[in-house]
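Here is the structure we will look at.
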Amino acid sequence: MKPRKRNKNAETRGRRAEDAEILEEENRREGEEEKNLSTSDSPHSIGEDRRPKTEDRFWIVGCVAVTAIAAFLRFFWLELKPLHHDEGVNGYFLITLFRDGVYKYDPANYHGPDLYYLALAAAKTFGLNTVSVRGSVALFGVLTVVLAFFLRKYIGSVGSLAAALFIALSPGMVYISRYFIHEMLFVFFSFGIVVGVLYFIERRRAGALAIATMTLLLLVCFLPTALNLATLIGKDNATTVWLVRLALFAVEALLVFLIMRMLLAWNEGRAIYLLLATASGVLLFATKETAFITIGTMAIACVCVWLWRVIYRAVFGEPSENELEPVELTWTTFRRSLGDSSDVLLIIAACVFVFVYVGVLFFSSFFTYPEGVLKAFEAYAIWTKTGSKDHTQNGALAYLKWLLKIESPILLLSAIGSLIAFFKARHRFPMFAALWAYGLFLAYSIIPYKTPWLAISFVLPMCVVAGYAVNELVASRDVLTKIAGGILAVVAAAILGYQTYDLNFQRYDDDTMPYVYAHTKRGFLDLIREIERYAEKSGEGKQASIEIVSPDYWSMPWYLRDYPKAIFHGKFADANASEMVVASEAQKGELTERYAAHYKYVGTYPLRPGVELYLLVRRDLADAGAKEIYQIGD
């Protein structure tokens, strides 16, 4: 019995030694994989890069070229089209914030607060003007294009360039990027969630861009509050205010440095990507109340990808090896990225803190309006009512019609990419992107509320899937398929380029075009120029008195923001000494009786479809060609 016992113990020790060797080998391989991960988070340096350097150089040149195209289309001649009604309302809030330092979130009428604070930074830097405020949104339009480059390992080198190019050239993405409204920020933050989670799952160490973004986020979180505190302490003494600001800035900079140092020391800063994804999530909610639709669609898409692979295995067998994605995008991989139990608790606590703090920060107007936090929850009850009653005239197929008319290349290629992804079933991210795109498309098609700018929420992932389609076609071993992929990409870019030019620089106020929705007519700017000319002619300049009695006048308050005596009555008001009166065509019947004694008619100017404005000028100021008010229409 004893010899047998010794043999059993020896076998056990042997197995243990063998298991230890296997474990050591796995740890060694894992260490080598982590060592191979680049310390930079540039999109072309993920993991061990075996691609030829020439290919990398061409890819980088492509990135620069696409970014340049995106920047040109979004920033060139930003003041060309007059501000839309909604831009005028947003501009009004920004003016109040810029001049008085006051913004109060109102869920009953308007979207989230982050647009105004981001535009405030641009206005403080470049002045309160159309280019600066629209430029603050255009910047995020360009950054959305840049984020597509970071998908190189998930949709291929060609795919990421194609996706970025489609986003850059998309008529709708360009049009809305040139708008001072919330939608472009919304799209960017939704993309930020996806990219942040992907990089976290890869377990990559924090790179320079991630560190810089996290640092900027921390400064945004702390610095404005410190500046408000300095103003409160210094009061009317400018010297004291600036001394306190400098002192508080030094304290805040030290605090940010210590936080970043701690984050970078924690698993090489890997948690930064999840924290940035969390920040993007809460900023998504701080942009528009429809964030829950996007987040819900993404969650459902993840489940559907898992479910499809289960069905695929049962029907067709195991999918081929995933040669594209750097990691398997599964719950197991995500859980492994979270680390051990203590790391999990820390990461969850950090993410919850970031979500709550950033949310409270923006909705409370940087702790100056605490009521805004509770009002953020009221927005959803209000939206469920407006979502079923307002803007319902476009019909259930509105988005499909709009896409077919002006985004058809993206729609076609995204459909091809979706079919390829689900047919192969081995590339999880393209399947997720397809479900993200068409899930949102379906959700917004079901909801009665329909406006064209909502479409860019699903046009973005459609561009991603379209890029994947080009990548897979061009990567095919079949020569004809390669050629077809190249031709499709070139033709799609050409069509999108022309449509973008036509929509954004020619027919930007044509209501028959998708994305042009009750837009202010270009002739409205003629009215503004006439008002400015007569103000100068009167000798009063910007102190000229202007009575706006028309009930429809947005976005005129933005253009007359420097005229303190421009009064927006919205109804008839007594006027006999003011330099000018702006009335509506709907008020024509009473104009002669009220204003003919003191004013003459200068001209009629369009505001938006169905709304015409009249400019009346005081008799002693009017040009020789001005008519009597009763002659309007002659």
Side-chain angles (χ1 to χ4, degrees), residues 82-96 98-100 102 109 128-130 518-634:
L83 266 69
H84 184 271
H85 173 284
D86 290 352
E87 289 183 281
V89 174
N90 291 336
Y92 171 78
F93 287 123
L94 177 62
I95 290 169
T96 305
F98 181 88
R99 292 175 175 169
D100 305 327
V102 176
N109 299 303
L128 188 65
N129 55 66
T130 300
H519 193 82
T520 307
K521 294 292 185 179
R522 66 188 72 191
F524 170 76
L525 294 180
D526 294 331
L527 169 62
I528 299 300
R529 283 189 281 267
E530 279 294 274
I531 290 174
E532 292 172 346
R533 185 176 72 84
Y534 275 110
E536 290 301 317
K537 184 179 178 181
S538 70
E540 296 293 332
K542 289 184 168 52
Q543 293 301 314
S545 296
I546 309 165
E547 311 291 340
I548 297 90
V549 300
S550 169
D552 296 298
Y553 51 75
W554 295 100
S555 56
M556 194 180 291
W558 172 258
Y559 289 99
L560 300 183
R561 62 190 178 277
D562 294 326
Y563 290 78
K565 294 182 181 178
I567 309 300
F568 292 86
H569 300 282
K571 59 183 180 180
F572 279 119
D574 293 333
N576 52 38
S578 297
E579 280 74 22
M580 286 165 276
V581 174
V582 178
S584 168
E585 184 183 34
Q587 299 169 315
K588 181 179 177 180
E590 297 183 51
L591 289 180
T592 301
E593 179 184 349
R594 285 181 172 271
Y595 302 117
H598 301 284
Y599 294 91
K600 298 187 79 172
Y601 162 73
V602 170
T604 302
Y605 305 89
L607 177 60
R608 57 177 179 271
V611 180
E612 301 286 329
L613 299 179
Y614 297 147
L615 176 61
L616 311 180
V617 177
R618 203 174 60 210
R619 283 182 169 273
D620 64 305
L621 187 60
D623 293 339
K627 298 180 179 180
E628 296 295 337
I629 293 177
Y630 70 82
Q631 293 178 301
I632 293 177
D634 293 349

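Since we're looking at a predicted model, the values are computed, not measured.
- One N or O on the side chain of H84 and one on the backbone of D86 form a donor-acceptor pair closer than 3.5 Å.
- Taking the six-membered ring where the residue is Trp, Y601 and Y614 present perpendicular rings, their angle passing 60° and hence far from 30°.
- Within 6.0 Å of the CZ atom in F572, the count of heavy atoms belonging to other residues, nucleotides or ligands exceeds 12.
- Applying the side-chain hydrogen bond (donor to acceptor under 3.5 Å, both in side chains) criterion to K565, with sequence neighbours excluded, gives no partner residue.
- Using a 30° and 60° split on the angle between ring planes, Y559 and F524 fall in the perpendicular class, above 60°.
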Residue pair E87, S555: steps toward the side chain to side chain donor-acceptor pair (under 3.5 Å) verdict: CA-CA 7 Å; E87 289 183 281; S555 56; over 6 Å; no
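- Side chain of R618 to main chain of M580: no donor-acceptor pair is present (N/O by atom type, distance under 3.5 Å, no hydrogens or angles).
- Side-chain contact check for E530 versus Y605: some heavy-atom pair is nearer than 4.5 Å.
- When all heavy atoms of G633 and K588 are compared, the closest pair comes out as CA-NZ, 4.4 Å.
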Chi angles and distances behind the side-chain contact (heavy atoms from CB on, under 4.5 Å) call for Y595, E590: CA-CA 9 Å; Y595 302 117; E590 297 183 51; over 6 Å; no
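- Summarising the local packing, CG of D562 is surrounded by more than 12 heavy atoms from other residues, nucleotides or ligands at distances under 6.0 Å.
- For the pair W558/N90, no side-chain contact is recorded, criterion being any heavy-atom separation below 4.5 Å from C-beta on.
- Using a 4.0 Å cut-off between charged nitrogen and carboxylate oxygen, R608 and D552 count as a salt-bridge pair.
- Side-chain N or O atoms of S584 include one that pairs as donor or acceptor with a backbone N or O of A586 at under 3.5 Å.
- Under the 3.5 Å distance criterion, the side-chain polar atoms of R533 are left unmatched by any main-chain donor or acceptor of I528.
- Using cut-offs of 30° and 60° for the angle between ring planes, the F568 and Y553 rings count as tilted.
- L83 approaches H519 most closely through the heavy-atom pair C-CE1, 4.4 Å.
- A donor-acceptor pair is defined here as one N or O able to donate and one able to accept, closer than 3.5 Å; such a pair exists between the side chain of K537 and the backbone of L621.
- Among V617, L527, L616, the one residue that satisfies the side chain to side chain contact (heavy atoms under 4.5 Å, CB included) test with V602 is V617.
- Side chains of S538 and E579: a donor-acceptor N/O pair is absent below 3.5 angstrom, by distance only.
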Audit row: N576, Y599, side chain to side chain donor-acceptor pair (under 3.5 Å) steps and yes/no: CA-CA 8 Å; N576 52 38; Y599 294 91; over 6 Å; no
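- For Q587 (side chain) and V549 (main-chain N/O), a donor-acceptor pair under 3.5 Å exists by modelled atom type.
- Side-chain N/O atoms of T520 and W554 include no donor and acceptor closer than 3.5 Å.
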